[in-house]
There are 4 protein chains.
Amino acid sequence: MVAKAKTEGLAQIRRSRTRRVLPAEVRVGDLMSAAAALFIAKGIEATTVNDIVERAGVGKGTFYHYFETKEDVIVALRERFSRDFTAEVAQAVASCPTDDHRARFAAWLRGTVEAYIANYKLHDVVFHEFRPGNRNVKDKEIVLAQLGELLAAGEAAGAWKLPDARTAAIVIFDGMHGVVDDAIAGDQREAEPICRRLSELFSRMLSG
Amino acid sequence: MVAKAKTEGLAQIRRSRTRRVLPAEVRVGDLMSAAAALFIAKGIEATTVNDIVERAGVGKGTFYHYFETKEDVIVALRERFSRDFTAEVAQAVASCPTDDHRARFAAWLRGTVEAYIANYKLHDVVFHEFRPGNRNVKDKEIVLAQLGELLAAGEAAGAWKLPDARTAAIVIFDGMHGVVDDAIAGDQREAEPICRRLSELFSRMLSG
Amino acid sequence: MVAKAKTEGLAQIRRSRTRRVLPAEVRVGDLMSAAAALFIAKGIEATTVNDIVERAGVGKGTFYHYFETKEDVIVALRERFSRDFTAEVAQAVASCPTDDHRARFAAWLRGTVEAYIANYKLHDVVFHEFRPGNRNVKDKEIVLAQLGELLAAGEAAGAWKLPDARTAAIVIFDGMHGVVDDAIAGDQREAEPICRRLSELFSRMLSG
Amino acid sequence: MVAKAKTEGLAQIRRSRTRRVLPAEVRVGDLMSAAAALFIAKGIEATTVNDIVERAGVGKGTFYHYFETKEDVIVALRERFSRDFTAEVAQAVASCPTDDHRARFAAWLRGTVEAYIANYKLHDVVFHEFRPGNRNVKDKEIVLAQLGELLAAGEAAGAWKLPDARTAAIVIFDGMHGVVDDAIAGDQREAEPICRRLSELFSRMLSG
DNA sequence: AATGAATGAGTATTCATTCAT
DNA sequence: AATGAATGAATACTCATTCAT
């Protein structure tokens, strides 16, 4: 019988027949990780909820226990990404003396490039393949705010001078994005040379 | 104007049941324009092939006579967009004296910002809502080449000095993109102030 | 009777909108019976999956929950047919004394002709209107094996003598098929006279 | 442009741009041969009219000049097959003395097996994959008539005795079919051994 | 006679989500 | 909390046939 074969096949994959009760945190984490891996491998659209629960080793209903819709996972993934990303960069910046603004900017650049290189696949998939309303704008805003603050502090301290801080922040951030993408497309995955090239340009901009 | 319907109206009128044989060019143009309008209005996913043929006033088979899949129209639209885009900018640049490199760069920036503002909706939909691997990279390459040439010519003539022309081109192009997007998000749709802010930053970068 | 609806009626009644969870076996059976009835009535190609689920009283998704494609039902139907067919014939043969080989052969012939007459419509549709490479060969093999065994046993016991058992089995089986088809085409649906004519010929072959 | 590429590709395949006017016979023959080759290679359903005209090197309209529908080609192919088949066998039989009935039967068997081995692929596709109304019955009838006549003549001359000529003819013909199919499935494509095995069985049947 | 652009009815299949257990 | 059977709306694509040229 066709149906039997199919059912048995599924059963083989699933680790156990018993229901395991796990802390919600773990379940959510499993689901998100499974989704992330699949999104990267096959793209968001091509990844079905079935794929996700199968990879996470849970029943389909469980998915809908923790997320209202498929989009919810994406949003959650995005938030997690942004949180981790900014935290990492913030830490790198914080390791510099409060008043050495040039160093802080360099640390920001270095941290950003490194974090992006390390996670560009997830970034691409989660930020480019799906754009609901204006949330992603909001996510970008957080990152821009971080950079904007840094730039403003430096200007206040006389480390550099900027005609328009927001414009500069956007050019710096999107410019860095584009250059890293280009490097990756050319199989160049080292942060060092990329940062050097960007530093040169950006310090000109800041020095004015 | 980029990728606008040049042959609409006719299609609207044609509601008759009679079969009309038209030059392939016209048919393809009608279909692409109908698709573009709908993609902008409803998004790519929400636009069905039925919608497209209905708007274009042709039978569904005709669509598949000219395009193998729905994705094909998007690719075609992308190509048309890039072609028109660069042509427009090239024209703007060409109106400047060959040896006035600052002016040529200013013309490039102005032309680019204007063309982008005028067509960002189609651009967004066609370049962001759909990902065919690396074609968009190819499309971007054309635009970057245009800018790269301009920068190289200026440098050769001693108008400015650049450590790395490609990095500069990417930062300028993606930075400009981001700033225009931000302006549009803030309902600011005039090219003038945007160009002024960008000029300031970019001339610093070029002057070194 | 081969492959007849054992669980129909229930499906007919169930027109309610409520979701009913049934044992997989029953669902699969309902779906297969509905498909069989429609295939016989309208042909395979003319029967849509919609027709099937409507007749079975389930949602369309349910169909694809149990079968991967429309062809799968045909394959399943074929398997069920062969299984039921051989079981029926085996039972008829088993009712004869183990050592009366002539009687056993007669029982085989009678059982086969009767089962075929009773189900030739489903047989035709399922085995002739659709060609999946070599599976039907496999299905035929089962039937041939059954007959081959019977012939071999008789020969071993000296009831008859055969130069080549496989050739004989094929001639007997395909010959019987052709003759029954011819009778049915002539609106002759009684097993008795058909068997008599075939017996005459076959016993000559066996007696040598 | 997508459309252009597609059109050009087709143009490449087509040999010439000029319309060649050929005798209708040739055109029909080309079309039938192209169809036969494709039917064998891909199956009837999977072969489109486009495939056929492309392979035949003519425009699509030309197909509909010579055949009313796609089915028409199949019917034509079937008729050609039957005509050639019976003609070949008739010739083989005719080469035997009019009164040597055993020899005539042997010639019939030999001719039939050989013709079938040589053309079973086309036979399968054309007679098994498509069954419109009762035409194929008619085609089979021709073949059966030929054999029936031969059997009747032999009986009249006292060469053998048959209880029911039609039953015998069917068993002989379908039995032979099945045995040849089985041999081919086992990669045995020589007529000689097949005929020997069949002769043995059939002569028993005839001798009674 | 020959062509191939134009047509559109027709259908299998997918997959997010629900809910009975 | 966990499951997975059940659902059905929604859509891209095929291809035999026609007919303007």
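Since we're looking at a predicted model, the values are computed, not measured. Letters A, B, ... mirror the listed sequences (proteins, then strands); counts begin at 1.
Listed for the A:D72 side chain is a donor-acceptor partner under 3.5 Å among the backbone atoms of A:E68. Under a 3.5 Å cut-off, the side chain of C:D30 and the backbone N or O of C:R27 do not form any donor-acceptor pair. D:S82 places no side-chain N or O within donor-acceptor distance of the main-chain N or O of D:D139, the cut-off being under 3.5 Å.
Closest approach of A:V58 to A:L31, counting heavy atoms only: CG2-CD1, 3.9 Å.
Using cut-offs of 30° and 60° for the angle between ring planes, the D:F81 and D:H123 rings count as tilted.
Helical stems of DNA chain F (runs of at least 3 Watson-Crick or G-U pairs, donor-acceptor distances under 3.5 Å) are listed by first residue: E:2-21 with F:2-21.
Going from atom NZ of C:K42 over to atom C1' of E:dT11 covers 12 Å, rounded to whole Å. Rounded to whole Å, the distance from CD on B:E54 to C1' on E:dT7 is 15 Å. Atom-to-atom, CG of B:D51 to P of F:dA10 comes out at 13 Å; the value is rounded to the nearest Å. Per the geometry, CG belonging to B:D30 stands 11 Å off P belonging to E:dA6, to the nearest Å. Across the protein-nucleic acid pair, C:F67 atom CZ and F:dT7 atom C1' stand 17 Å apart, rounded to whole Å.
At the phosphate of F:dA2, neither OP1 nor OP2 sits under 4.0 Å from any side-chain N or O atom of A:H65. An OP1 or OP2 oxygen of F:dA6 is reached within less than 4.0 angstrom by a side-chain nitrogen or oxygen of C:R27.
When each of B:V21 and C:V21 is assigned the nucleotide of DNA chain F bearing its nearest heavy atom, the one mapping closer to the 5' terminus is C:V21.
Among F:dT7, F:dA1, E:dA2, the nucleotide with an atom closest to any side-chain atom of A:Y66 is F:dA1.
Residues A:F67 and A:V28 are in side-chain contact: their nearest non-hydrogen atoms beyond the backbone lie under 4.5 Å apart. At least one side-chain heavy atom of C:I44 sits under 4.5 Å from a side-chain heavy atom of C:I74. In this structure, C:K121 and C:V125 have side chains that are not in contact, with every pair of non-hydrogen atoms separated by 4.5 Å or more.
The environment of NZ in C:K42 is crowded: more than 12 heavy-atom neighbours from other residues, nucleotides or ligands sit within 6.0 Å.
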Do any N or O atoms of the protein come closer than 3.5 Å to N or O atoms of nucleotides 15-17 of chain E, and which pairs are they?
{"residue": "E:dA16", "atom": "OP1", "partner": "A:K70", "partner atom": "NZ", "Å": "3.1"}
{"residue": "E:dA16", "atom": "OP2", "partner": "A:V49", "partner atom": "N", "Å": "2.9"}
{"residue": "E:dT17", "atom": "OP2", "partner": "A:Y64", "partner atom": "OH", "Å": "3.3"}
{"residue": "E:dT17", "atom": "OP2", "partner": "A:K70", "partner atom": "N", "Å": "3.0"}
{"residue": "E:dT17", "atom": "O4", "partner": "A:K60", "partner atom": "NZ", "Å": "2.8"}

